[in-house]
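In this text, all values refer to a predicted model and were calculated from it rather than measured experimentally.
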Number of protein chains: 2
Amino acid sequence: MNGPNGTNGRGSPTINDVARIAEVSKKTVSRVINKSPLLSEKTRKHVEGVIREIGYVPNLQARALALRRNFIVAAIHDNPNAQFLVKVQQGILSAIKDSEFGLMVQPVDRHSPTIVDDIRAFLERQRPYGVVLLPPISENDDIARLCEEHGCRFVRMGSVKLDSDDRAVASNDREAVRKAVTYLIDRGHTRIGLIEGPQGFTSPRERRAGFEEAMAAAGLSVDEELVSSGTYTFESGVSAGQQLIDLPNPPTAIFASNDEMAIGAMIAARRHGLLIPEDLSIIGFDDTPLSSHVWPALTTVHWPIVDMAHLAASKLVAPAGEEPDPRWLLPSELIERASVVAPKS
Amino acid sequence: MNGPNGTNGRGSPTINDVARIAEVSKKTVSRVINKSPLLSEKTRKHVEGVIREIGYVPNLQARALALRRNFIVAAIHDNPNAQFLVKVQQGILSAIKDSEFGLMVQPVDRHSPTIVDDIRAFLERQRPYGVVLLPPISENDDIARLCEEHGCRFVRMGSVKLDSDDRAVASNDREAVRKAVTYLIDRGHTRIGLIEGPQGFTSPRERRAGFEEAMAAAGLSVDEELVSSGTYTFESGVSAGQQLIDLPNPPTAIFASNDEMAIGAMIAARRHGLLIPEDLSIIGFDDTPLSSHVWPALTTVHWPIVDMAHLAASKLVAPAGEEPDPRWLLPSELIERASVVAPKS
DNA sequence: TTGTATGCGTTATCAA
DNA sequence: TTGATAACGCATACAA
């Protein structure tokens, strides 16, 4: 009837096996597992020995039932960008590595009227321990409130600080873009085009603000004619770039609010017979692998998305006793590559 | 004491609430949830009405404990390619949408000696209902066996059929490459270079076999000088391309075993002052978004990875009663874009 | 066709 | 500092 090591013989050993063999109660074993402070050192050592000996691993499903919370960290997003998603996943995974947590991915449709209900259904079903809300839906306060109502921890990622210290992780897009555009100005560019991101979200707004601040600091005015906008996709970058290049007096440099659009603009320029960077300098934003795989390699702003995701997840799963990492702002930096030179004349 | 709708007042309603209100036993409610056939239509309707009325949602954690299996489908991979991963996730998610399953992502390190133990630990912890094994670790029989031992359903994705009908989903890379290379031959190319993928895996081997078959069918011999190899990364494509271009008698066309390497080869060619496609035609494999974002747009083989992942997940979560989709082979096709023309002379 | 008793493996309550 | 016993919410065996 009994299995190896005196366990119950079916499947993996349970807390009962440990308790029986260690000759203590289940609750005591439970206390050892949960690192309860009120336990004699002797008992703890003894029980830990038995646990190691019979290879006991606590059953997460049972714990989940009792605790009303699963050992899952979920990334909720409405962002289809592959590089972005994988970097976020990488960051979260590195934070929960060696823990008992698993990463669940839950995309939602930003345009769906049932988005909040969809997320509610997800939270009710899987009962994740915590969720990382990715931009841009991280900006949605209804969703944050929903998490709170469900007693689900959450951290909101954004280009600005979207919540309290323990619930937010941010980059400083405005400052990063200011530096990038100043870099163009320092090289002699004065007619600088801007390819904006989609309206209504924080990151495009911040990036535009950074652009305007840099121009203003240099005493340059922002010519609305030199501002065109896209949707963060490659195709939209092509048409936005097209529009700027077709101008009677086109820009000598362009800052695009993300790499995909920057690369779209590069294609548009090349179709027009323009050489990059000789005829047109371009700076992007994100530092996706893509940006170093194009010709010429794209000068861009490194967006610390992996670190942000790591920090977000580490805030979620910080052990009860320990203070979570207090940081919430992570630095961006300009990556100089080959798509910027001084203007021709 | 009682909450709204006569529920127990704390938290969401449970099976007990439904049973009490419907004046049936828990087991009957359980039968309704699990669509048991032995139930009178009348009782079923009645109970379903109560369920709807009080908004009862079965607790997955409790079911997981009782069933010894969580409502999770996991994607286990050791593939760092972002486009690939996101497409796979997209396919799986579309298959489990509207079900109670969630998608968990578990990367592993192919080079780690503890890879099997790592996966075992994951399976023991999260107890996923089923796992999709992505290439190339899907080729590892130890891992498949491990899943079986744990009573965990699995489907192996590959460039060839790796398991029985219900445990495999495949593309036919060999045939797809044969068509692509034949396409080059039909346009007049005879000196055709091959950039292979990394040794030791099935997909590079199959793709090479397709290359050889096409050449043989046209009466052309494979010149080993024109075969160079990479690791499926952009950088390796650059150097592999470089090597072919530096040849005294370089190829007029190149087939690269994936898009990233193809684009790397494009960059290498451009650095050499070669025009694409005029001086060098290139065909890739995968049809990543990338391939249409480069200039000129890359002619490539569409690898039906989204559909494969969808099919894999649908096999895993097929309801007990229903027959799962019997298909396992999904077609690839050549996507003609702008990187191929006839050789100069 | 329906119900009763019991099990799943853990945590919480409260007493010792 | 420890333990007995009751949740947690659902499924299964076995009756009825």
Quick one: do A:Glu148 and A:Arg145 make a salt bridge, cutoff under 4.0 Å?
-> no
For A:Leu60 and C:dC8, give me the distance from atom CG to atom C1', rounded to whole Å.
-> 14 Å
Taking only nitrogen or oxygen atoms into account, show me every contact under 3.5 Å that the protein makes with nucleotides 14-16 of chain D, one pair per line with its distance.
none

For atom CZ of B:Arg63 and atom C1' of D:dC8, their distance in whole Å = 16 Å
Within the pair B:Ser40 and C:dT2, is there a side-chain N or O less than 4.0 Å away from OP1 or OP2?
-> yes
Rounded to whole angstrom units, what separation is found between the CZ atom of A:Arg69 and the P atom of C:dG9?
-> 23 Å
Between CZ of B:Arg20 and P of D:dC10 the distance, given in whole Å, is 13 Å
Can a donor-acceptor pair be found between the side chains of A:Gln126 and A:Gln106 at a distance below 3.5 Å?
-> no
Phosphate contact (C:dT11 OP1 or OP2) by A:Asn34 side-chain N/O below 4.0 Å | yes
Please list, chain by chain and in numerical order, all residues satisfying side-chain hydrogen bond (donor to acceptor under 3.5 Å, both in side chains) with B:Arg125, sequence neighbours excluded.
-> none
Under the criterion side-chain contact (heavy atoms from CB on, under 4.5 Å), which of A:Met157, A:Glu139, A:Arg167 is the partner of A:Leu162?
-> A:Glu139
Are any of B:Ser30's side-chain N or O atoms less than 4.0 Å away from OP1 or OP2 of D:dC10?
-> no
Would you confirm whether B:Ser159, through its side chain, and B:Thr202, through its main-chain N or O, come within 3.5 Å as a donor-acceptor pair?
-> no
Between B:Asn16 and D:dC10, does any side-chain N or O lie under 4.0 Å from OP1 or OP2?
-> no
Please report, rounded to the nearest Å, how far the P atom of D:dA11 is from the CZ atom of B:Phe71.
-> 8 Å
Of all of residues 118-131 of chain B, which get a heavy atom below 4.0 angstrom from DNA chain C, listed by number?
-> none
Distance-only, no hydrogens or angles: does the B:Ser40 side chain make a donor-acceptor pair with backbone N or O of B:Thr43 under 3.5 Å?
-> yes
Phosphate oxygens OP1/OP2 of C:dG3: is one of them under 4.0 Å from a side-chain N or O of B:Ser25?
-> yes
5′-ward residue of the pair A:Leu65/B:Val29 relative to DNA chain D | A:Leu65
Quick one: are A:Ile76 and A:Phe122 in side-chain contact, heavy atoms under 4.5 Å?
-> yes
Testing B:Leu311, B:Val132, B:Val317 for side-chain contact (heavy atoms from CB on, under 4.5 Å) with B:Ile92, which one passes?
-> B:Val132
Between A:Asn59 and B:Leu39, the residue closer to the 5' end of DNA chain C by nearest nucleotide is B:Leu39
Looking for any heavy atom pair under 4.0 Å, which part of the strands does B:Leu67 touch: base, sugar-phosphate only, or nothing?
-> sugar-phosphate
Check every strand shown and say whether B:Val24 touches a base, only sugar-phosphate, or nothing at a heavy-atom separation below 4.0 Å.
-> sugar-phosphate
May I ask you to verify if any side-chain N or O of A:Thr43 is less than 4.0 angstrom from the OP1 or OP2 atom of D:dT2?
-> yes
When rounded to whole Å, the CD1 to P distance for the pair A:Ile51 and C:dT10 reads 10 Å
Thinking salt bridges, do B:Asp142 and B:Arg120 make one under a 4.0 Å N-O criterion?
-> no
Side chain of A:Lys27: nearest nucleotide among D:dT1, C:dA12, C:dG9?
-> C:dA12
Are any of A:Arg68's side-chain N or O atoms less than 4.0 Å away from OP1 or OP2 of C:dT11?
-> no
Taking CD from B:Gln61 and P from C:dT10, how many angstroms apart are they, rounded to a whole number?
-> 16 Å
Are B:Thr14 and B:Asn59 side-chain neighbours, meaning at least one heavy-atom pair lies under 4.5 Å?
-> no
To the nearest Å, give me how far apart CG (A:Asn70) and C1' (D:dG9) are.
-> 14 Å
